[in-house]
Amino acid sequence: MRIAVLAGGIGGARFLLGVRAWARAHDAEVTAIVNVGDDVTMHGLRICPDLDSIMYTLGGGSDTERGWGRAGESWTVKEELAKYGAEPTWFGLGDKDIATHLVRTRQLSAGLPLSEITRNLCERWQPGITLLPATDNKLETHAVLAPSGPLEPSAKDVSGARGAQGAIHFQEWWIRYRAEIPTETFVFLGAAESRPAPGVLEALESADVILVAPSNPVVSIAPILAVPGLRAALVGRRVVGVSPIIGGAPVRGMADRCLAVLGVPVTAEAVGALYADFLTAWLVDSGDTAEIDGVKVVRAPLWMTDEAATVAMVEAALAC
Ligand code: GDP
Ligand code: CA
């Protein structure tokens, strides 16, 4: 059996731990198609947060308490950069993590595509699944900020943040501004000119089932679907999505702020409706309900508290 999974970073990684465990027990092959919209260049290094979250988590090297980056991390380079006043200072770059970005950036400079570099990095991490970036092309999520009105005396002055285009990289919006600035929408720069990375369409075409991980719908799954041809490859297939929203809240993180920008209610039903054109079934938490035209809604416990709970979720998704 072949399983393809569309995934963002942390939610995607946790879900994939369960998918991998299920696959090992059933001799199945898993390919994850991963968001690259968060990818960013800082201090000259190309950083791929979602690919790395999955690679480190499945490779047993992630910091499970902090929720991102490497276990046993140190921060010497970050401290030294701060002493030079080298911007950006708001982005967490650990020493061990930097080694990954150095290897990646060097291979990019040598002309290798991201999909091949990811395979090379995975030789060390042995994630037990195939990891593919959604595209080898540069596709970046940017937040288009609302025109700055008169500031409340207490408000943070972010008028300088808009830059020439009135947009900032998603990482800056998310980490530096904590998703707390008036925002009009998100754009996926480069998406229209991008192509699915080698192996992506093949993995979707040969999959017995395609799973949509409980990842952020706005900035993890949407940028994957924005790669031309990708969304169309899902229509008419067996596609089961897992809700990242439980009881009207995003469980962990700030996905609610991304949904709010688009005016989408923070409910399992509203998120499922974003995928209605290609979903066969939508898995919502036992305590939730949803009605989506043409989509079978199934209820199961959706808290990924540990691997066993996540395997049970995967089983429920595969039984849809
Ligand atoms: P990111 O790229 O690191 O932000 O991670 P993802 O986009 O892959 O996943 C983030 C989303 O995972 C959050 O917005 C949550 O809604 C969702 N999430 C996190 N933990 C759980 C969980 O235990 N159960 C479910 N159903 N969703 C979760
Ligand atoms: Ca992400």
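For the single chain, residues carry numbers from 1 onward in sequence order. In listed order, ligands and their atoms are each counted from 1. What you see below is based on every heavy atom in this structure, not just the backbone, and it leaves out hydrogens, waters and symmetry mates.
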_Top protein contact for atom 2 (O) of ligand 1, by heavy-atom distance_ = Gly9 N, 2.9 Å
_Here's one to test your reading of the geometry: is the NZ or CZ of Arg70 within 45 degrees of the ring axis of Tyr56 and under 6.0 Å from its centre?_
yes
*asked:* Yes or no: does Ser53 have any heavy atom under 4.0 Å from an atom of ligand 1?
replied: no
*Given that the side chain starts at C-beta and the backbone is N, CA, C, O, which of these parts of Ile246 lies under 4.0 Å from ligand 1, counting heavy atoms, or is it both or neither?*
side chain
*Looking at side-chain heavy atoms only, is the closest gap between Val240 and Val298 below 4.5 Å?*
no
_Please list, in number order, the atoms of ligand 1 under 4.0 Å from a heavy atom of Ala255._
14 (O)
*Minimum-distance protein heavy atom relative to atom 15 (C) of ligand 1*: Pro250 O, 2.8 Å
*Which of the listed options, Pro301, Pro244, Gly11, holds the heavy atom that is closest to atom 16 (O) of ligand 1?*
Pro244
*Which bit of Ser243 is near ligand 1, meaning a heavy atom under 4.0 Å away: side chain, backbone, both or neither?*
backbone
_Counting only heavy atoms from other residues, nucleotides and ligands, does the tally under 6.0 Å from CZ of Arg252 exceed 12?_
yes
_Checking a contact table here: which protein heavy atom is nearest atom 3 (O) of ligand 1, and how many Å away?_
Ile10 N, 2.8 Å
*Leu302 heavy atoms, cut-off 4.0 Å: which ligand 1 atoms fall inside?*
22 (C), 23 (O), 24 (N), 25 (C), 26 (N)
*What are the atoms of ligand 1, with element, lying closer than 4.0 Å to any heavy atom of Ser215?*
6 (P), 7 (O), 8 (O), 9 (O)
_For atom 21 (C) of ligand 1, closest protein heavy-atom neighbour_ = Arg252 NH1, 3.2 Å
*With the Ca ion (ligand 2) at the centre, find the angle made by OD2 from Asp50 and OD2 from Asp38, to 10°.*
100°
_Minimum-distance protein heavy atom relative to atom 17 (C) of ligand 1_ = Pro214 O, 3.2 Å
_If the cut-off is 4.0 Å to any non-hydrogen atom of Asn216, which atoms of ligand 1 fall inside it?_
6 (P), 7 (O), 9 (O), 10 (C), 11 (C)
*Around atom 4 (O) of ligand 1, find the nearest protein heavy atom and jot down its residue, atom name and distance.*
Ser220 OG, 4.5 Å
_Could you identify the single nearest non-hydrogen protein atom to atom 23 (O) of ligand 1 and state the distance to 0.1 Å?_
Met304 N, 2.8 Å
